[in-house]
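These numbers were taken from a predicted model, which means no experiment stands behind them. So you know, we letter chains A, B, ... as the sequences are listed, proteins then strands, and number each from 1.
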Amino acid sequence: KQEVTQIPAALSVPEGENLVLNCSFTDSAIYNLQWFRQDPGKGLTSLLLIQSSQREQTSGRLNASLDKSSGRSTLYIAASQPGDSATYLCAVSPFSGGYNKLIFGAGTRLAVHP
Amino acid sequence: DGGITQSPKYLFRKEGQNVTLSCEQNLNHDAMYWYRQDPGQGLRLIYYSQIVNDFQKGDIAEGYSVSREKKESFPLTVTSAQKNPTAFYLCASSIAPVGTDTQYFGPGTRLTVL
């Protein structure tokens, strides 16, 4: 059974720091891995989607890597800003399921203080 | 504006009542999904629909029911059989029912049982 784990559960950093969020999954048979952002009491916004054949994706100050063989992904945020404060969720799309299934981690709650 | 709308934003239910959460999308997506989110946990799939007039149970379907009479609408009913319904409910949609496309999320409905 596919399980997704995110470490740390919470993180507080001063503005300007570069930081890394971690995601691990137990089964490497996946189509892709996605990183989402969730603001308090709101829905999810997709940040980056990495297909299983890719190693990384970049968008602005965000860079996500995928190491399928070891079951790990990292989300790197450069020069963090208070506006980056949110919960970051990773999700994998497993081969099994027969539909566009996503399995989510519990998220990392990030606070960037001025 | 294209997107997914959910209503109401907040919903209060008395013990023994059924309540229905609305989800509408104007993205012309075939597939739609309902998730439940509890504090400190990832999203868990309740029901999904790959096409109009068809839907399937997800991982935690007990105590919930859905319908898909129109492509753009996928309402969720939380019945009195759901023992612990207090949670944040998220609706999502994707272009294709099977594959690797990202899912687009609505803003969510917070349900509280009084």
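- Within a 6.0 Å radius of CZ in A:Arg61, more than 12 heavy atoms belonging to other residues, nucleotides or ligands are found.
- Contact between A:Leu44 and B:Phe105 at its shortest, heavy atoms only, is O-CB, 3.5 Å.
- Contacts between B:Tyr104 and chain A at a heavy-atom distance below 4.5 Å are absent for every atom of the residue.
- The CG atom of A:Leu102 sits 7.0 Å away from the OG1 atom of B:Thr102 when rounded to the nearest 0.5 Å.
- Of the atoms belonging to A:Leu89, it is side-chain heavy atoms, and not backbone ones, that fall under 4.5 Å from chain B.
- Here the CD1-CG distance, from A:Ile103 to B:Asp59, works out to 7.5 Å after rounding to the nearest 0.5 Å.
- Placement of B:Phe55 and B:Leu45 in two distinct hydrophobic clusters is found when ILVMFWY residues are connected by side-chain heavy-atom separations under 4.5 Å, directly or transitively.
- Contact of B:Gln103 with chain A is made through backbone and side chain together, with heavy-atom distances under 4.5 Å.
- Criterion: ILVMFWY side-chain heavy atoms under 4.5 Å apart, direct or through other members. Under it, B:Leu111 and B:Ile60 are part of a common hydrophobic cluster.
- Residue A:Gln38 touches chain B through its side chain alone, counting heavy-atom pairs closer than 4.5 Å.
- Interatomic distance, B:Lys9 NZ to A:Lys42 NZ, rounded to the nearest 0.5 Å: 5.5 Å.
- The hydrophobic cluster containing A:Ile30 also contains A:Val4, counting ILVMFWY residues as joined when their side-chain heavy atoms lie under 4.5 angstrom apart, directly or transitively.
- Hydrophobic clustering (side-chain heavy atoms under 4.5 Å, transitive across Ile, Leu, Val, Met, Phe, Trp, Tyr) groups B:Val66 together with B:Leu11.
- Within a 6.0 Å sphere centred on CZ of A:Arg109, other residues, nucleotides and ligands contribute 12 heavy atoms or fewer.
- Residues B:Tyr64 and B:Tyr48 do not share a hydrophobic cluster, defined by chaining ILVMFWY side chains whose heavy atoms lie under 4.5 Å apart.
- For the pair B:Gly40 and A:Ala106, the tightest heavy-atom approach, listed with the atom from each and the gap, is O-CB, 3.4 Å.
- Residue B:Leu43 touches chain A through both its backbone and its side chain, counting heavy-atom pairs closer than 4.5 Å.
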